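Notes follow the structure.
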Amino acid sequence: MILGYQREPYSGLGIKIPVRATLPKKHTHILLAGKSGSGKSLTGLWYIWQILYRHEGLLWIADFKGGEEYEALEGSHNYASGQDAVDMIHRYYDFFCAVRQNRIRLPQYHALFIEEWMGLLTWMEVKEPKEKKRLMAETGEILALGRGLNCRLILTIQRADAAMFANGSREQFQCIINLGRCSSEAFKMLGFAAAALEENPTAAYKPGEGLALIDGQG
């Protein structure tokens, strides 16, 4: 999958040099972070398109926000919005458990794409706190064990606070992308090098521009 293109060659010369991740084998899970308006949803839609166009894997899409970016997917069996998105996550977890317990060898990876994870958990904290804990536990288990089972998680979030993930499972994302301006606090929580804190390289970044951390390399 192409995560994006190197910023300097593109903005200066219009040359597209891809920044890639290998979902089927090496880079299991993707975390896409950024403030509202940073371009997360459109970037996520581009990732969805790549997976489907290239027949890389099968997708389960849980779009709690129900944003206009994903309207074209309405009616698809593997797309759910609003409260149905919560049920979609539970169904994927049940599928994941069946694969693990029955030692099923999936010919293609199955990826659960969750749009706006922070918004979903914030809503659950008010409405159904127990359900929030259940969602965090299920996604934490997928992050911890999904790699060897060909189960993937692609998740978008505004702030990647550790409190949004169960038992340190945030550390299981092999690819981390932060779009837009990245604060000093966000640098630290996402795992970017401390040297980057001396001078913020994202100060002038526009929507769709950002930083990628792949296997710990910026």
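Since we're looking at a predicted model, the values are computed, not measured. Residue numbers count from 1 along this sequence.
In this structure, N178 and C182 approach most closely via the heavy-atom pair ND2-CB, 3.5 Å. Taking every heavy atom of both residues into account, M88 and A62 meet most closely at CG-CB, 4.1 Å. The nearest pair of heavy atoms linking S81 to G66 is CB-CA, 4.0 Å. Looking at every heavy atom in both residues, T202 comes nearest to G180 through CB-O, 3.8 Å. Closest of all the heavy-atom pairs between K40 and G34 is NZ-O, 2.7 Å.
V19 places none of its side-chain heavy atoms less than 4.5 Å from the side chain of Y5. For the pair I176 and I214, the minimum side-chain heavy-atom distance is 4.5 Å or more. For the pair I30/I177, a side-chain contact is recorded, criterion being any heavy-atom separation below 4.5 Å from C-beta on. Under the 4.5 Å side-chain criterion, counting only non-hydrogen atoms from C-beta, I48 is in contact with L59. Using a 4.5 Å cut-off on side-chain heavy atoms (C-beta onward), L145 and F96 make contact. Side-chain contact check for Q172 versus L153: every heavy-atom pair is 4.5 Å or farther apart. You'll find the side chain of Y205 reaches within 4.5 Å of the side chain of L211, heavy atoms only. Here the side chains of Q6 and K16 are not in contact, with every heavy-atom distance at 4.5 Å or above.
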Mind running side chain to side chain contact (heavy atoms under 4.5 Å, CB included) on E131 and H90 for me, showing each step along the way? CA-CA 10 Å; E131 183 74 356; H90 292 325; 2.4 Å; yes
Show the numbers, then the answer: is there a side chain to side chain contact (heavy atoms under 4.5 Å, CB included) between F113 and Y79? CA-CA 9 Å; F113 180 96; Y79 170 85; over 6 Å; no
Could you go through I89 and L120, starting from their C-alpha distance and side-chain angles, then the distance that decides it, and tell me whether this counts as side chain to side chain contact (heavy atoms under 4.5 Å, CB included)? CA-CA 11 Å; I89 296 171; L120 171 56; 3.8 Å; yes
Assess the residue pair F95 and W60 against the criterion (ring pair (Phe, Tyr, Trp, His ring centres under 6.0 Å)); give the C-alpha distance rounded to whole Å, side-chain angles, the decisive distance to 0.1 Å, and a yes or no. CA-CA 11 Å; F95 167 79; W60 307 51; 5.3 Å; yes
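Looking at residues two or more places apart in sequence or on another chain, you find no side-chain contact (heavy atoms from CB on, under 4.5 Å) involving P107. Here D87 pairs with nothing under the salt bridge (Lys or Arg N to Asp or Glu O under 4.0 Å) rule; sequence neighbours left out. With sequence neighbours left out, F64 forms a ring pair (Phe, Tyr, Trp, His ring centres under 6.0 Å) with W123. Residues passing the salt bridge (Lys or Arg N to Asp or Glu O under 4.0 Å) test with E125 are K132, sequence neighbours excluded. Annotation: salt bridge (Lys or Arg N to Asp or Glu O under 4.0 Å) contacts of R7 (sequence neighbours excluded): E209. The side-chain contact (heavy atoms from CB on, under 4.5 Å) check on T122 picks up M118, with sequence neighbours excluded.
For Y10, the OH atom is loosely surrounded, since the number of other residues' heavy atoms within 6.0 Å does not exceed 12.
Taken to the nearest 0.5 Å, the SG atom of C175 stands 10.0 Å off from the CG atom of L31. The CG atom of L213 sits 11.0 Å away from the CD atom of Q174 when rounded to the nearest 0.5 Å. The structure places OH of Y92 at 11.0 Å from CG of N78, a figure rounded to the nearest 0.5 Å. For the atom pair K206 NZ and L179 CG, the distance stands at 14.5 Å (nearest 0.5 Å). Once rounded to the nearest 0.5 Å, the distance linking CG of L143 with CZ of R152 reads 11.5 Å. The structure places CZ of F173 at 8.0 Å from CD1 of I157, a figure rounded to the nearest 0.5 Å.
Not one N or O on the side chain of Y93 forms a donor-acceptor pair closer than 3.5 Å with the backbone of I142. In this structure a side-chain-to-backbone donor-acceptor pair under 3.5 Å is missing from Q158 to K35. Using modelled atom types, no side-chain atom of H110 and backbone atom of C151 make a donor-acceptor pair closer than 3.5 Å. Here the side chain of T156 pairs a donor or acceptor atom with the backbone of E116 at under 3.5 angstrom.
Put simply, the residue from L112, L73, I154 that forms a side-chain contact (heavy atoms from CB on, under 4.5 Å) with I61 is L73. When the options V99, L58, L106 are evaluated for a side-chain contact (heavy atoms from CB on, under 4.5 Å) with N150, the one that passes is L106.
L32 and L52 fall within a single hydrophobic cluster, where Ile, Leu, Val, Met, Phe, Trp and Tyr side chains are chained together by heavy-atom contacts under 4.5 Å.
Pairs engaging residues 61-85 under the salt bridge (charged side-chain N to carboxylate O under 4.0 Å, His left out) rule: K65-E115 [sequence neighbours left out]. Note on residues 90-108: pairs passing salt bridge (charged side-chain N to carboxylate O under 4.0 Å, His left out), not counting sequence neighbours, are R100-E141. Applying the side-chain hydrogen bond (donor to acceptor under 3.5 Å, both in side chains) definition to pairs two or more places apart or across chains, those involving residues 46-55 are Q50-R54.
Grouped with L13 in one hydrophobic cluster are I15, I17, the linkage being side-chain heavy-atom contacts under 4.5 Å among Ile, Leu, Val, Met, Phe, Trp and Tyr residues.
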Distance-only donor-acceptor pairs under 3.5 Å for side chains of residues 162-170, two or more places apart:
| from | atom 1 | to | atom 2 | distance (Å) |
| --- | --- | --- | --- | --- |
| S169 | OG | A166 | N | 3.3 |
| S169 | OG | A166 | O | 2.8 |
| R170 | NH1 | A160 | O | 2.5 |
| R170 | NH1 | M189 | O | 3.4 |
| R170 | NH2 | M189 | O | 3.3 |

